[in-house]
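These numbers were taken from a predicted model, which means no experiment stands behind them.
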Amino acid sequence: MKQLKIEYCTLTMADKSYRIEDLYGEDFYSYQDSMVGEYDTHNIYSNELFIYFFQDYIALKRFIQTEAIDTIVIGKAADKKLLAYIIDIAKELDISISRNYWLYSSSVLLDYCKYISSCLYIACYQISIPQTRNIQAYKEKYAIIRTKAAERISKVYRDVEILQEKKESDCCFWKCFSKHKRVLWSLKQLLNCRELDDIYKSVIKVAGKRTAQYCRSFYSIRVAQTRVYSKMLKEIAKHNHEVQFITSNNLDRFALCEEAIIHSVGGTIICVPHGLEYGFRVPHCFIGDVFFTTSRQSEKVLNRLYKTNKFIFDDDVCKRMFGVHVDNYSAQRTVFFTEPDELSTNYQIIESYLNSDTVNSEQLYLKLHPMDKKEHYSLYSGKIKFIDSFPDAICGNICVSRKSTALLEALYNFSIPIAIIICAKDKSVFNTFASLNDKAIRQFYSCEDAWKKVEKIRNGEQ
């Protein structure tokens, strides 16, 4: 009898522990590429559902099948998402669950209450934004910037008309419309709650009831936000027929909204990605009539993968996209660029540095991912230092990361990139980013080997 035990986010089998990210073996992405054509590509959530939920579900199901698990024991405080996957997989594969358990199951009523609350919140938020401008008809091109990373659009296209989401900005796109119109858009979404049912139906085709419930709950506070954004973009696009639209959204729900709306008015889309491009297939191809890749290798891989020629590498675009300016370079430092997922791997890297004799107690600096928080690292208070400025962190330093865009950006900013790849998912995902397979990015599969290289660099060896 093979038994699998679930506690918190951990899977334990025969005294060996795993997390879901450890189940992404080297052949996982070729396996999932063979299946991706089966998934729905007609709703705007298809890529997000696939990346955030279906991949984990597929990896876990495959692991359970391969290991011939016949009993599952659910321990205390098991992660809700992991439990949802486990229950659906156990039912599908007819595997017994050895004990009674209680699993929080999001009810339809609660999800709709959350949906209604999100509509009302958005309406209140829109009341706080005054109208200070009108919609314009742009001559050649315009761009919408929703995230900090997307601001590199203005570095690539210096003459582009830019609209931003931040309400503090004079170019905030919400300010092009009256409060009355924006509030009305928000309240009308109260009638659009059936979209939660569509998400539920999409998920249940792939996974099962519990996973579908979890996804419906996840999107209950996100659907209205997406649809109000779509309303805004439709109004702007109506005034800009056959004009180039530049975006950094590339495969999420906002990107798929943009693609449908801009193409409906005869416009073309240029995508300047805000991060690395996945080298595995997703249900709906990256958007854009032209998509600038971050490396020559990415151009080749993506054009082959999606049977197109829209992916283009332009070295000048990359230099403008990734290059940053600092007035004075400080002495070379070792900077670890964190990632917001699998925090335990971040901790493992930090602790190995702090406990290593190789690096001679040289200070370790952290540059947090925008989605990461300083409180996640309170355990290391007094042992590490944070760098808040991205230009200061990326220029002229030894830049250490797992699978971040920072590794590529380091090459364009006189820094030395070091990749530490120690968890199974990082190993698998790293190889899907063609841009990271540049010979100038040193790859290490143990922390101590990486720190030995860091010490050699500090001593003048390259």
* Backbone N or O of Ile129 within a donor-acceptor pair of the Arg182 side chain at under 3.5 Å? -> yes
Basic-acidic side-chain contact under 4.0 Å: Lys367, Asp392: no
**Study point:** CZ (Phe386) with more than 12 external heavy atoms under 6.0 Å
**Key:** yes
(message) Check this for me: Glu375, atom CD, are more than 12 non-hydrogen atoms of other residues, nucleotides or ligands nearer than 6.0 Å?
(response) yes
Heavy-atom donor-acceptor pair, Ser415 side chain to Ile398 backbone, under 3.5 Å
no
Check your understanding: Under 3.5 Å, is there a donor-acceptor pair between the side chain of Thr334 and the main chain of Leu364?
Key -> no
- Query: How about Lys209: does its NZ atom have over 12 heavy atoms from other parts shown lying under 6.0 Å from it?
  - Reply: no
Value for CZ (Arg152) from OG1 (Thr147), rounded to nearest 0.5 Å, stands at 8.5 Å
For the side chain of Gln131 and the backbone of Arg133, is there at least one donor-acceptor N/O pair under 3.5 Å apart? yes
Practice task
Please report the C-alpha distance between Tyr138 and Gln244 in whole Å, then the side-chain angles of each, then the deciding distance to 0.1 Å, and finally whether the side-chain hydrogen bond (donor to acceptor under 3.5 Å, both in side chains) criterion is met.
Solution key: CA-CA 9 Å; Tyr138 300 111; Gln244 287 184 342; over 6 Å; no
Is the NE2 atom of His180 crowded by more than 12 outside heavy atoms at less than 6.0 Å?
no
Distance col, row Tyr278:OH vs Leu302:CG, nearest 0.5 angstrom, shows 12.5 Å
Could you check whether atom NZ of Lys155 has more than 12 heavy atoms from other residues, nucleotides or ligands sitting under 6.0 Å from it? yes
Side chains of Leu49 and Val206, heavy atoms from C-beta outward: is any pair under 4.5 Å?
no
- [ ] State whether the side chain of Arg210 and the backbone N or O of Ala84 hold a donor-acceptor pair below 3.5 Å, judged by distance alone.
- [x] no
Interatomic distance, CD1@Ile86 vs CG@Asp79, rounded to 0.5 Å, equals 10.5 Å
Expected output: side-chain Asn250 to main-chain Phe286 donor-acceptor under 3.5 Å: no
Contacts of Tyr115 meeting side-chain hydrogen bond (donor to acceptor under 3.5 Å, both in side chains) (sequence neighbours excluded), chain-then-number -> none
Before giving the answer on side-chain hydrogen bond (donor to acceptor under 3.5 Å, both in side chains), spell out for Asp341 and His369 the whole-Å C-alpha distance, their side-chain angles and the decisive distance to 0.1 Å.
CA-CA 10 Å; Asp341 58 339; His369 186 280; over 6 Å; no
Output for pair (Tyr365 OH, Ile387 CD1), nearest 0.5 Å, gives 6.5 Å
Whether the side chain of Gln32 engages the backbone of Gln55 through a donor-acceptor N/O pair (distance < 3.5 Å, no angle test) should be reported. no
Only residue of Asn309, Thr294, Thr293 satisfying side chain to side chain contact (heavy atoms under 4.5 Å, CB included) with Glu299 is Thr293
Requested in this report: Measure from the side-chain N and O atoms of Ser230 to the backbone N and O of Thr226, and report whether any donor-acceptor pair falls under 3.5 Å.
Outcome: yes
Q) After noting the C-alpha distance and the side-chain angles of Lys80 and Tyr214, does the key distance pass the side chain to side chain contact (heavy atoms under 4.5 Å, CB included) rule? A) CA-CA 8 Å; Lys80 292 176 185 176; Tyr214 186 92; 4.2 Å; yes
Sorted by chain and number, sequence neighbours left out, salt bridge (Lys or Arg N to Asp or Glu O under 4.0 Å) with Arg333 holds for none
- prompt: So with a 6.0 Å cut-off around CG of Asp170, is the heavy-atom count from everything else above 12?
  reply: no
Shortest non-hydrogen pair, Asp22 vs Cys423, comes out as OD1-CB, 4.3 Å
Nearest heavy-atom approach of Phe313 to Cys318 is CE1-SG, 3.5 Å
Rounded to the nearest 0.5 Å, the CZ atom of Arg227 sits from the CD1 atom of Ile44 at a distance of 4.0 Å
For Tyr412, the ring-ring contact (aromatic ring centres under 6.0 Å, His included) test, sequence neighbours excluded, returns Phe322
Parallel, tilted or perpendicular: which one describes the rings of Phe280 and Tyr29, with boundaries at 30° and 60°? parallel
Q. Just checking, any donor-acceptor pair under 3.5 angstrom between side chains of Asn47 and Tyr39?
A. no
Rounded to the nearest 0.5 angstrom, the OH-CH2 distance for Tyr229 and Trp185 is 12.0 Å
Review point. Counting distance only, does the side-chain N/O of Asn192 pair as donor-acceptor with the main-chain N or O of Lys188 below 3.5 Å?
Key: no
All heavy atoms of Tyr24 vs all of Ala59, minimum pair found to be CE1-CB, 4.0 Å
Worksheet item: Any ion pair linking Arg194 and Asp198 (charged N to carboxylate O, less than 4.0 Å)?
Response: no
* Gln136 versus Tyr142, side-chain donor and acceptor atoms under 3.5 Å -> no
| message | Looking at Lys374 and Asp388, is there a salt bridge between them, counting it only when a charged N and a carboxylate O are closer than 4.0 Å? | response | yes
message: Apply side chain to side chain contact (heavy atoms under 4.5 Å, CB included) to residues Thr338 and His376 and explain how you reach the verdict.
response: CA-CA 11 Å; Thr338 71; His376 289 161; over 6 Å; no
Between Val301 and Gly279 the two heavy atoms that sit nearest each other are CG1-O, 4.3 Å
**Request:** Could you walk me through whether Lys114 and Ser217 pass side chain to side chain contact (heavy atoms under 4.5 Å, CB included), step by step?
**Result:** CA-CA 8 Å; Lys114 288 160 65 178; Ser217 177; 2.7 Å; yes
Could you walk me through whether Asn346 and Tyr377 satisfy the side-chain hydrogen bond (donor to acceptor under 3.5 Å, both in side chains) test, starting with their C-alpha distance in whole Å, then the side-chain angles of each, then the deciding distance to 0.1 Å, before giving a yes or no? CA-CA 9 Å; Asn346 291 347; Tyr377 303 92; 3.0 Å; yes
Should the pair Phe292 and Tyr157 be assigned to parallel (<30°), tilted (30 to 60°) or perpendicular (>60°) ring geometry? tilted
In short, Asp56 meets Lys81 closest at the heavy-atom pair OD2-NZ, 4.1 Å
Open item on the list: I'd like to know if the side chain of Asn397 reaches the main chain of Cys399, judged simply by a donor and an acceptor atom lying under 3.5 Å from each other, with no hydrogens or angles considered.
Closed with: no
Does the side chain of Thr345 pick up a donor-acceptor pair with the side chain of Asp426 at under 3.5 Å?
no
When every non-hydrogen atom of Ser220 is compared with those of Leu196, the smallest separation belongs to CA-CD2, 3.7 Å
Examine Tyr353 together with Phe336 and report whether their ring centres are nearer than 6.0 Å. no
Checking side-chain polar atoms at under 3.5 Å, does Thr268 have a donor or acceptor matched by the opposite partner on Asp289?
no
Give a yes or no on whether a salt bridge exists between Lys319 and Asp315, defined as a side-chain N under 4.0 angstrom from a carboxylate O. yes
* Asked: Within 45 degrees of the axis of the six-membered ring of Phe28 and under 6.0 Å from its centre: does Arg62 put its NZ or CZ there?
  -> no
### Message
If you count heavy atoms of other groups shown closer than 6.0 angstrom to CD of Glu140, is the number above 12?
### Response
no
Exercise. Between Asn437 and Gln297, do the side chains contain an N or O donor and an N or O acceptor separated by less than 3.5 Å?
Worked result: no
Tell me whether Lys179 at atom NZ has more than 12 heavy atoms from other residues, nucleotides or ligands lying less than 6.0 Å away. yes
* Between Gln126 and Ser186, does any side-chain donor sit less than 3.5 Å from a side-chain acceptor? -> no
